[in-house]
2 protein chains.
Amino acid sequence: MSYTKTEENYLKAIYSLQVKIGKEVSTNELASSLETKASSVTDMVKKLDKKELITYEKYKGVSLTNLGKEIAINIIRNHRIWEVFLVEKLGYKWDEVHEIAEQLEHIKSEELVDRLDDFLDHPSFDPHGDPIPDREGNIPVRKEAIALNELKKGETGIVVGVKNTDIDFLQFLEEMNLTLGKSIQVEKIFDFDKSKVVKTGQQTVTISKEVGSFLIVEKIIQTK
Amino acid sequence: MSYTKTEENYLKAIYSLQVKIGKEVSTNELASSLETKASSVTDMVKKLDKKELITYEKYKGVSLTNLGKEIAINIIRNHRIWEVFLVEKLGYKWDEVHEIAEQLEHIKSEELVDRLDDFLDHPSFDPHGDPIPDREGNIPVRKEAIALNELKKGETGIVVGVKNTDIDFLQFLEEMNLTLGKSIQVEKIFDFDKSKVVKTGQQTVTISKEVGSFLIVEKIIQTK
DNA sequence: AAATATTTTTAGACTTATCTAAAAATTGAA
DNA sequence: TTCAATTTTTAGATAAGTCTAAAAATATTT
């Protein structure tokens with residue numbers, strides 16, 4: 001099933017307001033968020049309710065169904081991945097990309113955004129620092145910075161610093177593509193020497209326990 | 001001024017048919033090309049005529065005004081540049097990209113496509129081999145293959161082959177980014193030894209007369 | 001050149017998303 | 001708890017783009 005741009009924008013707005021205020025979203029709140037009139041909102045929420053994307057009761061506001069939430073999060077995912085592309089690949093400033101991403105987020109193709117996500121090495125946060133949901137709708141949360149060594153198998157962290165500034169070490173990291181902001185996933189830990197196989201983007205590299213102790217990462221937790 | 005997706009698709013269809021059949025485009029031809037009904041076409045062409053994007057006379061078909069042609073060519077430019085992106089950067093096959101490019105071509109932002117064009121090193125042809133108009137609407141035409149040396153200052157060629165297959169030479173080309181399909185612009189020719197300063201994408205390199213004689217290019221001519 | 005076939009246009013209707021203005025329901029204050 | 005203020009809904013209209021069915025114009029055939 002596919003939805004109109006307008007429907008998607010309503011779902012996105014309802015999602016954001018719902019997260020912000022934590023209860024049913026009123027007609028007026030939606031109207032002002034979408035810069036439209038309350039009467040237009042009433043019409044549209046009836047339609048979305050009929051499609052089971054939201055639950056709507058007269059005079060009681062709306063909230064998203066599971067399906068509606070899934071769609072809203074997917075649009076937000078599209079938006080933020082496009083923003084990363086615009087900034088990282090096309091050289092836009094982070095404050096110039098919102099408008100264009102508002103358009104690109106509605107392009108109909110799951111595969112396109114997945115490929116773009118690959119191309120961008122699976123970023124966890126957009127250029128504004130907002131979390132990028134994964135394909136399943138899990139939303140990453142930044143945690144306190146820890147050494148890479150503290151990550152367990154399967155966990156993901158984002159490089160936020162180093163504990164060793166030797167030029168050789170920094171050049172090594174550059175070489176391995178383990179630079180600031182990069183997302184690293186631990187694929188395997190060897191028991192005998194605690195060295196690790198980690199993945200950044202397409203690359204898979206093995207790093208020693210020593211390197212792992214010098215790399216500071218923010219552990220990413222995916223939450224529903 | 002900005003146009004709706006539908007208006008843009010009409011202009012694009014009229015342009016293609018006009019190029020193909022060389023005279024006024026009839027209502028039925030347009031209807032079948034756009035997979036819609038003749039009555040819908042009549043309505044829309046009246047509207048486009050009123051906006052001075054086409055000239056329309058009852059029962060006589062339509063043709064594009066200069067403005068309409070400009071817009072049509074611009075949409076085609078967008079489409080083909082996005083196709084290059086999808087194939088070269090996201091790894092799509094050339095026969096998988098049309099649908100998505102049909103959506104992306106309508107994104108409203110001149111700057112976006114210009115930046116994308118930079119990012120892709122100003123391709124002259126899309127993955128199907130169709131020419132990509134430049135920002136002014138000039139359309140490149142492939143000419144017979146010649147040696148790079150035969151290009152004059154300011155002219156552009158696309159690398160289609162080499163006359164020397166020494167591994168050293170090929171590695172040199174790889175290094176200089178002068179690989180198959182790359183577009184090369186001659187910036188300067190030194191009289192005394194006929195060496196050339198050429199540009200590929202962001203890079204500017206100097207190559208000797210000898211290298212220039214081994215590189216086979218198709219000269220690109222921009223035509224209105 | 002008249003009759004027939006084809007193409008094109010018109011008329012009227014439908015859908016989506018919007019609006020204004022008025023009516024109805026809810027909320028909050030005295 | 002009743003009356004006023006606010007919010008929400010309804011009713012009816014508008015614009016873009018589409019459709020069907022019928023009328024009008026053009027093209028083709030004999």
Side-chain angles (χ1 to χ4, degrees), chain A residues 1-14 17-18 20-64 68 71-72 75 102-103 105-106 108, chain B residues 1-14 17-18 20-64 68 71-72 75 102-103 105-106 108:
Chain A
M1 184 111 312
S2 188
Y3 306 93
T4 67
K5 196 185 276 195
T6 311
E7 289 171 336
E8 290 181 347
N9 283 334
Y10 267 81
L11 294 175
K12 203 172 47 141
I14 294 167
L17 290 170
Q18 202 168 271
K20 195 163 89 187
I21 66 189
K23 57 178 182 209
E24 287 73 31
V25 177
S26 75
T27 302
N28 261 0
E29 280 164 343
L30 250 185
S32 89
S33 160
L34 288 162
E35 295 182 287
T36 183
K37 296 295 149 97
S39 55
S40 307
V41 171
T42 302
D43 286 346
M44 181 56 89
V45 296
K46 282 180 185 169
K47 192 175 137 196
L48 295 176
D49 178 75
K50 197 173 293 171
K51 293 194 180 185
E52 303 196 15
L53 298 169
I54 66 177
T55 50
Y56 161 64
E57 275 185 277
K58 270 192 189 181
Y59 299 102
K60 297 260 168 92
V62 301
S63 59
L64 293 171
I71 295 163
I75 301 298
E102 288 283 294
Q103 297 182 60
E105 71 188 10
H106 301 291
K108 259 76 197 159
Chain B
M1 185 108 309
S2 189
Y3 305 94
T4 68
K5 197 185 274 193
T6 311
E7 289 171 335
E8 291 181 346
N9 282 333
Y10 269 81
L11 294 175
K12 204 172 48 142
I14 295 167
L17 290 170
Q18 202 168 271
K20 195 164 90 187
I21 67 191
K23 57 178 180 210
E24 286 72 32
V25 177
S26 76
T27 302
N28 262 1
E29 280 163 342
L30 250 184
S32 90
S33 161
L34 288 163
E35 294 181 288
T36 184
K37 296 295 148 96
S39 54
S40 308
V41 170
T42 302
D43 286 346
M44 180 56 88
V45 297
K46 282 180 184 168
K47 193 176 137 195
L48 294 176
D49 179 76
K50 198 173 294 170
K51 292 194 180 187
E52 303 197 13
L53 299 170
I54 65 177
T55 50
Y56 161 64
E57 273 186 279
K58 269 192 187 179
Y59 298 103
K60 299 260 167 91
V62 301
S63 59
L64 293 172
I71 295 163
I75 301 298
E102 288 283 295
Q103 297 183 59
E105 70 188 10
H106 301 292
K108 259 75 196 162

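Atoms considered below: every heavy atom in the structure, side chains included; atoms not considered: hydrogens, waters and symmetry mates. In the text below, chain A, chain B and the rest are named by the order of the sequence lines, each starting its count at 1.
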Student: Check the surroundings of atom NZ in B:K51: do more than 12 heavy atoms from other residues, nucleotides or ligands lie under 6.0 Å from it?
Tutor: yes
Student: Can you tell me if the side-chain N/O atoms of B:Y10 get under 4.0 Å from OP1 or OP2 in D:dA16?
Tutor: no
Student: Can you check the B:E7 CD to D:dA15 C1' distance for me, whole Å?
Tutor: 12 Å
Student: Let me confirm one number: the OG1-NZ distance from A:T55 to A:K60, rounded to the nearest 0.5 Å.
Tutor: 12.0 Å
Student: Reading nucleotides 11-16 of chain C 5' to 3', which nucleotides get B (base under 4.0 Å from a protein heavy atom), which S (sugar-phosphate only), which -?
Tutor: -----S
Student: Only counting residues at least two apart or in another chain, list the ones meeting side chain to side chain donor-acceptor pair (under 3.5 Å) with B:E8.
Tutor: B:H106, B:K108
Student: Give the rounded distance in Å between these two atoms: OH of B:Y3 and P of D:dA16.
Tutor: 15 Å
Student: Just the rounded figure in Å: distance from C1' of C:dT7 to CD of B:E57.
Tutor: 17 Å
Student: Using 0.5 Å steps for rounding, measure from the CG atom of A:L64 to the CD atom of A:Q18.
Tutor: 4.5 Å
Student: Are any non-hydrogen side-chain atoms of A:K12 and A:E105 less than 4.5 angstrom apart?
Tutor: yes
Student: Provide a list of protein-nucleic acid N or O atom pairs under 3.5 angstrom, restricted to nucleotides 22-26 of chain C.
Tutor:
{"residue": "C:dA25", "atom": "O4'", "partner": "A:Y59", "partner atom": "OH", "Å": "3.2"}

Student: Quick one: CG on A:L11 to CD1 on A:I54, what's the gap to the nearest 0.5 Å?
Tutor: 7.5 Å
Student: Hey, is the side chain of B:S40 poking within less than 4.0 Å of OP1 or OP2 on D:dC19, counting only N and O atoms?
Tutor: yes
Student: Indicate whether OP1 or OP2 belonging to D:dT6 is found under 4.0 Å from a side-chain N or O atom of A:N28.
Tutor: no
Student: Measure the shortest side-chain to side-chain distance between A:L48 and A:Y56 over non-hydrogen atoms and say whether it is less than 4.5 angstrom.
Tutor: no
Student: To the nearest 0.5 Å, what is the distance between CD (A:E24) and CD1 (A:I14)?
Tutor: 12.0 Å
